[in-house]
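Computed over heavy atoms, backbone and side chain alike; hydrogens, waters and symmetry mates excluded.
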Amino acid sequence: HAGIGISSEMAQVYGKRKGIPFYALMNTISREKIVQIPTIRETSVFVYAGGLHLGRYRSLLEIEKALISYNALYDKKAELRIYMSKKDRDQYGGLFDAGITTFYDYLPHDRVYEAYEMADILVHIESFDLDFTQYTRYSISTKISEYMSSGHPILCFAPRELTVGRYIKQVGAGFFSDETQKLNYGIDLLCGNKGNIRNEMALAGIEEVRRNHCDMYGRSVLEKVFLNNIEESSDRYTKKSK
């Protein structure tokens with residue numbers, strides 16, 4: 001009688017397909033995990049924590065290339081840190097430039113915030129391979145709510161047809177790019193922290209998590225979906241039986 005989608009767009013699409021109400025619910029964050037005041041440093045450390053499968057490594061290589069160009073143009077020291085499994089490192093590690101990219105061991109979920117604390121900007125990537133985008137079109141990674149709760153701006157590099165980039169841009173929690181030239185501009189903007197943009201994006205992300213991704217909000221949605229609809233379904237069944 002009701003369903004849950006991880007994004008508003010997914011909820012709308014599946015609500016129309018199924019003819020029942022769908023509610024949006026991203027992965028929730030415990031209130032004690034939500035940063036109160038973001039820490040903004042002068043360094044430019046980009047951190048990605050996640051897998052490189054499904055063609056994502058190609059997107060991350062584009063970010064590395066843009067960082068190399070930025071450093072050469074402005075004589076800066078922006079760097080990329082990747083937290084990944086040994087399997088991914090063995091398969092993809094040789095493709096990256098050790099002069100700018102450093103690999104760190106995969107962290108279990110209960111320690112992933114250690115990686116976020118190392119960051120100035122958190123990186124989210126999606127594959128541009130058409131074989132995969134049809135499956136990720138309306139999805140939003142479990143990391144996005146975690147990223148926003150950590151008090152850091154997000155750099156998102158993904159196809160424009162995916163929901164995740166539009167969501168980050170709409171919230172104001174980071175910079176979204178779907179092509180290389182725009183990616184270079186975004187890195188310039190974030191590394192230079194023009195207009196204190198990092199702080200603005202970090203604060204926007206924190207507020208979004210407090211409103212729509214905290215554990216209390218998640219419970220309220222689940223109660224609406226399960227408890228209310230169970231009662232309504234029971235009423236309909238009783239009336240139909242009579």
S.K.: Same hydrophobic cluster for Tyr106 and Val112, using side-chain heavy-atom links shorter than 4.5 Å among ILVMFWY?
M.R.: no
S.K.: With clusters built from Ile, Leu, Val, Met, Phe, Trp and Tyr whose side-chain heavy atoms come within less than 4.5 Å, directly or transitively, what are the remaining members of the cluster of Leu54, listed by chain and number?
M.R.: Phe132
S.K.: Under a 3.5 Å threshold, yes or no: a donor from one side chain and an acceptor from the other, between Ser44 and Arg198?
M.R.: yes
S.K.: Determine whether Val123 and Ile154 satisfy the following criterion, side-chain contact (heavy atoms from CB on, under 4.5 Å), listing intermediate values before the conclusion.
M.R.: CA-CA 6 Å; Val123 173; Ile154 301 169; over 6 Å; no
S.K.: Output all residues satisfying side chain to side chain contact (heavy atoms under 4.5 Å, CB included) with Leu203, sequence neighbours left out; order by chain, then residue number.
M.R.: Pro38, Asn199
S.K.: Please confirm whether the backbone N or O of Ile197 pairs with a side-chain atom of Asn193, one donor and one acceptor, at under 3.5 Å?
M.R.: yes
S.K.: When you look at CZ of Phe128, are more than 12 heavy atoms from neighbouring residues, nucleotides or ligands closer to it than 6.0 Å?
M.R.: yes
S.K.: Give a yes or no on this: more than 12 heavy atoms of other residues, nucleotides or ligands lie within 6.0 Å of atom CG of Asn196.
M.R.: yes
S.K.: Return the CZ to NZ distance between Phe22 and Lys16, rounded to the nearest 0.5 Å.
M.R.: 13.5 Å
S.K.: Can you check whether Phe157 reaches His124 side chain to side chain, under 4.5 Å on heavy atoms?
M.R.: no
S.K.: For Tyr113, does the six-membered ring have the charged nitrogen or CZ of Lys33 within the cation-pi criterion, i.e. under 6.0 angstrom from the centroid and within 45° of the normal?
M.R.: yes
S.K.: Which heavy-atom pair separates Ser149 from Val209 by the least distance, and what is that distance?
M.R.: N-CG2, 3.7 Å
S.K.: Ile140, Phe176: one ILVMFWY side-chain cluster at the under-4.5 Å cut-off?
M.R.: no
S.K.: A side-chain contact here means heavy atoms from C-beta on lying under 4.5 Å apart; do Ile206 and Ile34 qualify?
M.R.: yes
S.K.: Minimum heavy-atom separation for Ser127 to Thr133, with atom names?
M.R.: O-CG2, 3.4 Å
S.K.: How far apart are the closest heavy atoms of Ile187 and Leu155, and which atoms are they?
M.R.: CG1-CD2, 4.0 Å
S.K.: Heavy atoms, side chains only, cut-off 4.5 Å: are Cys214 and Ile29 in contact?
M.R.: no
S.K.: Step by step, would you call Tyr116 with Leu107 a side-chain contact (heavy atoms from CB on, under 4.5 Å)?
M.R.: CA-CA 11 Å; Tyr116 302 160; Leu107 290 174; over 6 Å; no
S.K.: Determine whether a donor-acceptor pair (N or O, by modelled atom type, separation under 3.5 Å) exists between the side chain of Asp88 and the backbone of Leu52.
M.R.: yes
S.K.: Does any non-hydrogen side-chain atom of Ser139 lie less than 4.5 Å from one of Ile6?
M.R.: yes
S.K.: Answer yes if Ile100 and Leu61 sit in the same cluster of Ile, Leu, Val, Met, Phe, Trp and Tyr residues linked by side chain heavy atoms under 4.5 Å apart, and no otherwise.
M.R.: yes
S.K.: Would a hydrophobic clustering, with Ile, Leu, Val, Met, Phe, Trp and Tyr connected at side-chain separations under 4.5 Å, put Leu183 with Leu73?
M.R.: yes
S.K.: Distance-only, no hydrogens or angles: does the Arg166 side chain make a donor-acceptor pair with backbone N or O of Arg160 under 3.5 Å?
M.R.: yes
S.K.: Do Val47 and Ile121 touch side chain to side chain, with heavy atoms closer than 4.5 Å?
M.R.: no
S.K.: Locate the shortest heavy-atom distance separating Tyr23 from Val221; write the atom from each residue and the value.
M.R.: CB-CG1, 4.0 Å
S.K.: How many angstroms lie between OH in Tyr138 and CE in Met10, if you round to the nearest 0.5 Å?
M.R.: 9.5 Å
S.K.: Of all heavy-atom pairs between Val35 and Ile37, which one has the smallest distance, and what is that distance?
M.R.: CG1-O, 3.2 Å
S.K.: Do other residues, nucleotides or ligands put more than 12 heavy atoms under 6.0 Å from the CD atom of Glu32?
M.R.: yes
S.K.: Does the pair Lys143/Glu146 count as a salt bridge with the N-to-O cut at 4.0 Å?
M.R.: no
S.K.: In terms of side-chain heavy atoms, does Gln36 have a donor or acceptor partner in Arg210 at a distance below 3.5 Å?
M.R.: yes
S.K.: Once rounded to the nearest 0.5 Å, what's the spacing between atom CG of Asp215 and atom OG1 of Thr28?
M.R.: 6.0 Å
S.K.: Do you know which two heavy atoms are closest between Thr39 and His152, and how far apart they sit?
M.R.: O-CE1, 4.2 Å
S.K.: Once rounded to the nearest 0.5 Å, what's the spacing between atom OG of Ser141 and atom CE of Met26?
M.R.: 8.0 Å
S.K.: Within the side chain of Ser220, is there an N or O that forms a donor-acceptor pair under 3.5 Å with the backbone of Tyr217?
M.R.: yes
S.K.: Is Glu114 salt-bridged to Arg111, cutoff N-O under 4.0 Å?
M.R.: yes
S.K.: Please determine whether the number of non-hydrogen atoms from other residues, nucleotides or ligands lying under 6.0 Å from atom NZ of Lys18 exceeds 12.
M.R.: no
S.K.: Transitively linked via ILVMFWY side-chain contacts under 4.5 Å: Leu189 with Ile68?
M.R.: yes
S.K.: Would you please say whether a donor-acceptor pair under 3.5 Å links the side chains of Tyr167 and Glu208?
M.R.: yes
S.K.: Any carboxylate oxygen within less than 4.0 angstrom of a Lys/Arg side-chain nitrogen, looking at Asp188 and Lys194?
M.R.: yes
S.K.: Using 30° and 60° as the class boundaries, would you call the ring planes of Tyr70 and Tyr74 parallel, tilted or perpendicular?
M.R.: tilted
S.K.: Give, for atom CG of Asp178 and atom OG of Ser59, the distance between the pair rounded to the nearest 0.5 Å.
M.R.: 11.5 Å
S.K.: Is Glu79 paired with Arg81 through a side-chain N to carboxylate O contact shorter than 4.0 Å?
M.R.: yes
S.K.: With ring centroids as reference points, do Phe103 and Phe96 lie under 6.0 angstrom apart?
M.R.: yes
S.K.: May I ask you to test the Arg89-Asp105 pair for a side-chain heavy-atom distance under 4.5 Å?
M.R.: yes
S.K.: Does the Asn71 side chain pair with the main chain of Ala78, one donor and one acceptor, at a distance under 3.5 Å?
M.R.: yes
S.K.: How many angstroms lie between CD in Glu117 and OG in Ser150, if you round to the nearest 0.5 Å?
M.R.: 9.0 Å
S.K.: Using the side-chain contact (heavy atoms from CB on, under 4.5 Å) rule, pick out the option among Tyr57, Phe46, Tyr48 that qualifies with Ile82.
M.R.: Tyr48
S.K.: Tell me whether the count of non-hydrogen atoms from other residues, nucleotides or ligands lying under 6.0 Å of CD in Gln134 goes above 12.
M.R.: yes
S.K.: Using a distance-only test with no angle check, is there a side-chain donor-acceptor pair under 3.5 angstrom linking Asp120 and Thr43?
M.R.: yes
S.K.: Closer than 4.0 angstrom, basic N to acidic O: yes or no for Lys65 and Asp97?
M.R.: no
S.K.: Taking 4.0 angstrom as the limit, do Glu126 and Arg56 come out as a salt bridge?
M.R.: yes
